[in-house]
Amino acid sequence: MISNDTKTLLAYSFLKGIGRKFLTEISIAKENNSSEPLSHIEKRFSETELNDAYLKAEDQISIAHSFGHNIISRLDESYPDSLRDTIDAPAILFCNGNINLLKSQSISIIGTREPTSDGLKIAARITSWFSRNGWTITSGLANGVDTIAHQYCLKSNGYTIAILAHGLEKVYPASNKELAKDIVKKNGLIISEYRYNSFVAKSNFVERDRIQAGLSKAVFLVQSDIKGGSLHASRAALNYNRLLIVVGQSDKDKENNEPKIQANLALLSLNKKIQTDLLKVSSQQTNNIIPLMSKDNYESVNNKIKGVIFNRCNMTINNKLL
């Protein structure tokens, strides 16, 4: 059942000039029993424009129903508190699967699409341990580390959430279509902030990364090169006052000077200037970077993550990329 509040927000998202920022402002205002942004909408748009927007929202709802999906907004009880406490959270989430997982305790496991063989083993080991210890595993359903994270979570009988950078009517990459089915079949969840059949821009993948960080108490960076896309989620984690767990690398990969581990090595140097330059964050924010050098440290890192308390983020709302 899609709530009337969510239907309204979905309709407003079709109005020209109404972006993520304003939808968030409307949501927060309604949470605080203020009608000011809503009256702004009514004054700014004609009845014809509003009716057309509601018809488009109905089309989206019909598509969701045809797939057996759900659509929720931050005005719904089912919306995750962890995301609600990030100031640039998506106002609307399209969901396929077990939405109760949005209220679970989660960590995000991310990394390059082209990990080394040792990187794959490390990702599998970390995922398996933390899955067995009660964490929901979030990732982006991409090739490489993301795929391993979802697969080994399921193998460990855990719960996993995949965050997509496009509408739920498609799976990208196509090679992960069966994995996506398995996630839902095994009581997991696939979500997106993007409407069905919407345009897929490169920036979507960067914006998607902030949701991974926002949902999670900690982000595990398994492997990344200096310009890797995983650094977007890593930066978002620190901006949201989450922990960034930087995974140590094998002796073999270090000896081979593998390109796909260079960001990890830079962050593990504990050099504040290198860390701040790479992630474009403040020196104070780098205090939330935690090294994970060995499987012997899983328990201590686990305890640190458990201590994380979600606080409303002070980032400025804008429509720019993180």
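D146 places a side-chain N or O within donor-acceptor distance of the main-chain N or O of G140, the cut-off being under 3.5 Å. Q60 places no side-chain N or O within 3.5 Å of a backbone atom of R195 that could act as its donor or acceptor partner. The backbone N or O of N197 lies less than 3.5 Å from a partner atom in the side chain of E169, making a donor-acceptor pair. A donor-acceptor pair under 3.5 Å is absent between the side-chain atoms of N303 and the main chain of S300, judged by distance alone. Looking at R210, its side chain does come within 3.5 Å of a backbone N or O of E207 through a donor-acceptor pair. Under a 3.5 Å cut-off, the side chain of D209 and the backbone N or O of H232 do not form any donor-acceptor pair. Not one N or O on the side chain of S27 forms a donor-acceptor pair closer than 3.5 Å with the backbone of L75. Between the side chain of S106 and the backbone N or O of I137 there is no donor-acceptor pair closer than 3.5 Å. Listed for the S13 side chain is a donor-acceptor partner under 3.5 Å among the backbone atoms of L10. Listed for the N288 side chain is no donor-acceptor partner under 3.5 Å among the backbone atoms of Q285.
Using modelled atom types, one finds a donor on one side chain and an acceptor on the other under 3.5 Å when comparing N176 with T147. For the residue pair S283 / T276, no side-chain donor-acceptor distance below 3.5 Å is found, with atom types taken as modelled. Counting only N and O atoms by type, the side chains of E114 and N143 include no donor and acceptor under 3.5 Å apart. A donor-acceptor contact under 3.5 angstrom links the side chains of S104 and T136, judged on distance only.
Counting heavy atoms from C-beta on, the side chains of I107 and I245 never come closer than 4.5 Å. Side-chain contact between R20 and E193 is present, with heavy atoms from C-beta onward closer than 4.5 Å. The side-chain heavy atoms of L83 and P90, taken from C-beta on, include a pair separated by under 4.5 Å. The closest side-chain heavy-atom distance from T6 to Y79 is not below 4.5 Å. Side-chain contact between T86 and R242 is present, with at least one heavy-atom pair separated by less than 4.5 Å. Side-chain contact check for Y12 versus L50: some heavy-atom pair is nearer than 4.5 Å. Looking at F220 and T127, their side chains never come closer than 4.5 Å, going by heavy atoms from C-beta outward. Side-chain contact between S224 and N264: present, with at least one pair of heavy atoms (C-beta onward) separated by less than 4.5 Å.
A salt bridge (charged side-chain N to carboxylate O under 4.0 Å, His left out) check over residues 117-136, counting only residues at least two apart or in different chains, returns the pairs D118-K252. Residue pairs meeting the ring-ring contact (aromatic ring centres under 6.0 Å, His included) criterion with at least one partner in residues 83-128, sequence neighbours excluded, are F94-Y196. The salt bridge (charged side-chain N to carboxylate O under 4.0 Å, His left out) contacts involving residues 263-291 comprise K273-D277, where partners must be two or more places apart or lie in separate chains. The stretch residues 58-71 participates, sequence neighbours left out, in these salt bridge (charged side-chain N to carboxylate O under 4.0 Å, His left out) pairs: K7-E58. Applying the salt bridge (charged side-chain N to carboxylate O under 4.0 Å, His left out) rule to pairs touching residues 102-112 yields D81-K103, sequence neighbours excluded.
Y298 meets the ring-ring contact (aromatic ring centres under 6.0 Å, His included) test with W129, F130; sequence neighbours excluded. Scanning for salt bridge (Lys or Arg N to Asp or Glu O under 4.0 Å) contacts around K56 gives D52, with sequence neighbours left out. For K181, the salt bridge (Lys or Arg N to Asp or Glu O under 4.0 Å) criterion is met by E178, not counting sequence neighbours. When the salt bridge (Lys or Arg N to Asp or Glu O under 4.0 Å) test is applied to K254, the partners found at least two apart in sequence or on another chain are D251.
Rounded to the nearest 0.5 angstrom, K170 NZ and S192 OG are separated by 9.0 Å. A distance of 5.0 Å separates CG of N70 from CD1 of I99, quoted to the nearest 0.5 Å. Considering NE2 of H166 and CZ of R208, their distance stands at 7.5 Å, rounded to 0.5 Å. One distance of note links CG of L189 with OH of Y159; it measures 12.5 Å at 0.5 Å rounding. Here CD1 of I191 is found 9.0 Å from CD of Q212. Values are rounded to the nearest 0.5 Å. One finds the OH atom of Y194 at 12.0 Å from the CD1 atom of I163 (value rounded to the nearest 0.5 Å).
Taking hydrophobic clusters as Ile, Leu, Val, Met, Phe, Trp and Tyr residues chained together by side-chain heavy-atom distances below 4.5 Å, I190 does not share a cluster with L102. With hydrophobic clusters built from ILVMFWY side chains whose heavy atoms lie under 4.5 angstrom apart, Y54 shares a cluster with I71. Grouping the Ile, Leu, Val, Met, Phe, Trp and Tyr side chains by contacts below 4.5 angstrom, directly or via other members, places L101 apart from L141. Linking Ile, Leu, Val, Met, Phe, Trp and Tyr whenever their side-chain heavy atoms come within less than 4.5 Å leaves V171 and I211 in two separate clusters. Clustering ILVMFWY residues whenever any of their side-chain heavy atoms sit less than 4.5 angstrom apart, transitively, puts I61 in the very cluster that holds L15.
Applying the 4.5 Å side-chain rule to ILVMFWY residues, one finds V200, F205 in the same cluster as Y172. Clustering of Ile, Leu, Val, Met, Phe, Trp and Tyr side chains at separations under 4.5 Å places I148 together with L120, Y152. Here V246 sits in one hydrophobic cluster together with I110, V219, L221, I226, L231, L238, L244, L267, L268, L278, L279, V281, I289, M293; the rule is ILVMFWY side chains under 4.5 Å apart, joined directly or through other members.
Across all their heavy atoms, A213 and A237 have their closest contact at CB-N, 3.6 Å. The two residues G97 and V184 have their closest heavy-atom pair at CA-CG1, 4.2 Å. Of all heavy-atom pairs spanning L168 and N96, the tightest one is CD1-N, 3.9 Å. In terms of heavy-atom proximity, S198 sits nearest to G167 at OG-N, 4.4 Å. Residue P115 comes nearest to G144 through the heavy atom pair CD-CA, 3.7 Å, listed as atom of the first residue, atom of the second, then distance. Contact record, V308 with K217: O-NZ, 3.0 Å, taken as the closest heavy-atom pair.
At most 12 heavy atoms of other shown residues, nucleotides or ligands fall within 6.0 angstrom of atom NZ in K177. By the 6.0 Å contact criterion, CG on N4 is open, its count of non-hydrogen atoms from other residues, nucleotides or ligands being 12 or less. More than 12 heavy-atom neighbours from other residues, nucleotides or ligands sit within 6.0 angstrom of CD on E49.
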| said: Using the rule given for side-chain contact (heavy atoms from CB on, under 4.5 Å), can you reason through H150 versus I109, listing the C-alpha separation, both sets of side-chain angles and the distance that settles it, and then say yes or no? | reply: CA-CA 9 Å; H150 294 303; I109 297 178; over 6 Å; no
| task | Decide yes or no on side-chain contact (heavy atoms from CB on, under 4.5 Å) for I26 and T8, but give the supporting numbers first. | result | CA-CA 10 Å; I26 293 173; T8 298; over 6 Å; no
| said: Working note: N256 + T116, criterion side-chain contact (heavy atoms from CB on, under 4.5 Å); need CA distance, chi angles, decisive distance, verdict. | reply: CA-CA 11 Å; N256 291 337; T116 66; over 6 Å; no
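Salt bridge status for E31 with R74: present, with a side-chain N to carboxylate O gap under 4.0 Å.
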